[in-house]
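One structure is given here, and the rest of the page talks about it.
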Number of protein chains: 2
Amino acid sequence: MQGRQVNQIIQALKDKGLRVTPQRFAVYANLLNRMDHPTAEDILSELNQNAPISSQATVYSSLQALADVGLVREVLLEAGVCRYDANMQPHHHFRCRCCGRIEDIAWDQIQGITLSGFRRGLQVEAYEVTVQGTCDCCQEAR
Amino acid sequence: MQGRQVNQIIQALKDKGLRVTPQRFAVYANLLNRMDHPTAEDILSELNQNAPISSQATVYSSLQALADVGLVREVLLEAGVCRYDANMQPHHHFRCRCCGRIEDIAWDQIQGITLSGFRRGLQVEAYEVTVQGTCDCCQEAR
DNA sequence: CTTTGTGCAAACGATTTGCAGGATG
DNA sequence: CATCCTGCAAATCGTTTGCACAAAG
């Protein structure tokens, strides 16, 4: 990790009014550097792979704090599984039904969605498309 | 509930190769007659409101059996909450951030989605739009 | 020095499981 | 009458909580 990135992370936490602790830093940095959408358990085990960095309870509370201030968001694609994503740009998700892999879909790769006036009375604040299918790897493997 | 509907439900279960038991029937009938998207607990308590109809374990296993054969589907809109829906027609969902109410959005009320070729390699099997916002009631209530 | 975060272990809520008896086809 | 389902209670899984101590600003 570059020094610049370290400072950016620290600044982002401070800007949101969160104290910078080694654990919170580690959770956020880990999430920023992953392209998969890990669960709390995934993050915990990766953090503590070599040296003990954080306890389970702290990973959960860090994730909640990060989500509360909008640095991180929950991704719900499977029953009973809560994943996290540090990419706060609006985007969509693809999930492979075969291997469970989750991939981001850039916002402008799905076009032409017309929501306005689809039901008078509902005030839309956000939306997202969830795509289910089969990824390249799983198609090859038959 | 009309006699015709009863027979339709029984036939649907048989067609899918499921045995018709009072509990399974009750779970599916309840889900078909509700417009909200209840959790397993919601269904359990409504079923047993007057007389004891089914145990907790049986509601869970009925829902799983129904989902496995495609008579019912899971709806995931909140972390840690698994809801069920007997409406198998493709449709979208709206969720009110204020009161948590979930409303179906008919498929053709959101138009112009272009998925084809958004990333070569991914084979699309299904997709759905999830809309978050504020419903009429909550806007009035300020 | 005040406030907030951490770690531990116990508590919790939702879902699953093992198993003996009962109902379905 | 073989198979599958139900109910009960115990087990499990992910997440949350209470509390004493430690660290951040």
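Residue numbering restarts at 1 for every chain, and letters A, B, ... go by the order of the sequence lines. Just so it is clear, the values below take in all heavy atoms, side chains as well, and ignore hydrogens, waters and symmetry mates.
Phosphate contact (OP1/OP2 of D:dT6, side-chain N/O of B:T21, threshold under 4.0 Å): present. Listed pair A:S61 / D:dT16 fails the phosphate criterion, with no side-chain N or O lying under 4.0 Å from OP1 or OP2. When the side-chain nitrogen and oxygen atoms of A:Q64 are compared with OP1 and OP2 of D:dT16, one or more of them lie within a distance under 4.0 Å. Of the side-chain N and O atoms in A:Y60, one or more sit less than 4.0 angstrom from OP1 or OP2 of D:dT15. Residue B:T58 places at least one side-chain N or O closer than 4.0 Å to OP1 or OP2 of D:dG7. Considering only side-chain N and O atoms, B:Q23 lies under 4.0 angstrom from the phosphate OP1 or OP2 of D:dG7. Contact between the side-chain N/O atoms of A:R19 and the OP1/OP2 oxygens of D:dA23 is not found at any separation under 4.0 Å.
Closest to the side chain of A:Q56, out of D:dC8, C:dG7, D:dT15, is D:dT15. When distances are taken from the side chain of B:A57 to each of C:dC8, C:dT15, D:dA9, the shortest belongs to D:dA9. With distances taken from any side-chain atom of B:V20 to the nucleotides C:dA9, C:dG25, D:dG7, the minimum falls on C:dG25. Across C:dT24, D:dT15, C:dG5, the shortest atom-to-atom separation from the side chain of A:R24 is found for C:dG5.
Atom NZ of B:K16 is separated from atom C1' of D:dC5 by 20 Å (rounded to the nearest Å). Residue B:F25 contributes atom CZ, which lies 16 Å from atom C1' of C:dT24 at whole-angstrom precision. The separation between B:L44 atom CG and D:dC8 atom P is 11 Å, rounded to whole Å. Per the geometry, CG belonging to B:D42 stands 14 Å off C1' belonging to C:dG13, to the nearest Å. A straight line from CG of A:L63 to P of D:dG14 spans 15 Å, rounded to a whole angstrom. Atom CD in B:E78 sits roughly 15 Å away from atom C1' in C:dG13 (whole-Å rounding). One atom, CZ of B:R83, and another, P of C:dA14, lie 12 Å apart when rounded to the nearest Å. When rounded to the nearest whole Å, the span between CG of B:L47 and P of D:dT6 equals 12 Å.
When heavy atoms are screened at a 4.0 angstrom cut-off, B:T39 is found touching no nucleic acid atom at all. Across all strands, A:V81 comes closer than 4.0 Å to no nucleic acid atom at all (heavy-atom distances). Using a 4.0 Å heavy-atom cutoff across all strands shown, A:I53 reaches sugar-phosphate atoms only and no base atom.
A:V59 approaches A:A40 most closely through the heavy-atom pair CG1-O, 3.8 Å.
By the 30° and 60° cut-offs, the orientation of the rings of B:H92 relative to B:W107 is parallel.
Both B:E41 and A:P22 sit near DNA chain C, but only A:P22 has its closest nucleotide nearer the 5' end.
Taking CG of A:L18 as the reference point, atom CD1 of A:I10 lies at 13.0 Å (rounded to 0.5 Å). The CG atom of A:D85 sits 11.0 Å away from the CZ atom of A:R83 when rounded to the nearest 0.5 Å.
For the pair B:C82/B:Y84, a side-chain contact is recorded, criterion being any heavy-atom separation below 4.5 Å from C-beta on.
With no hydrogens or angles considered, no side-chain donor-acceptor pair links A:D42 and A:H37 at under 3.5 Å.
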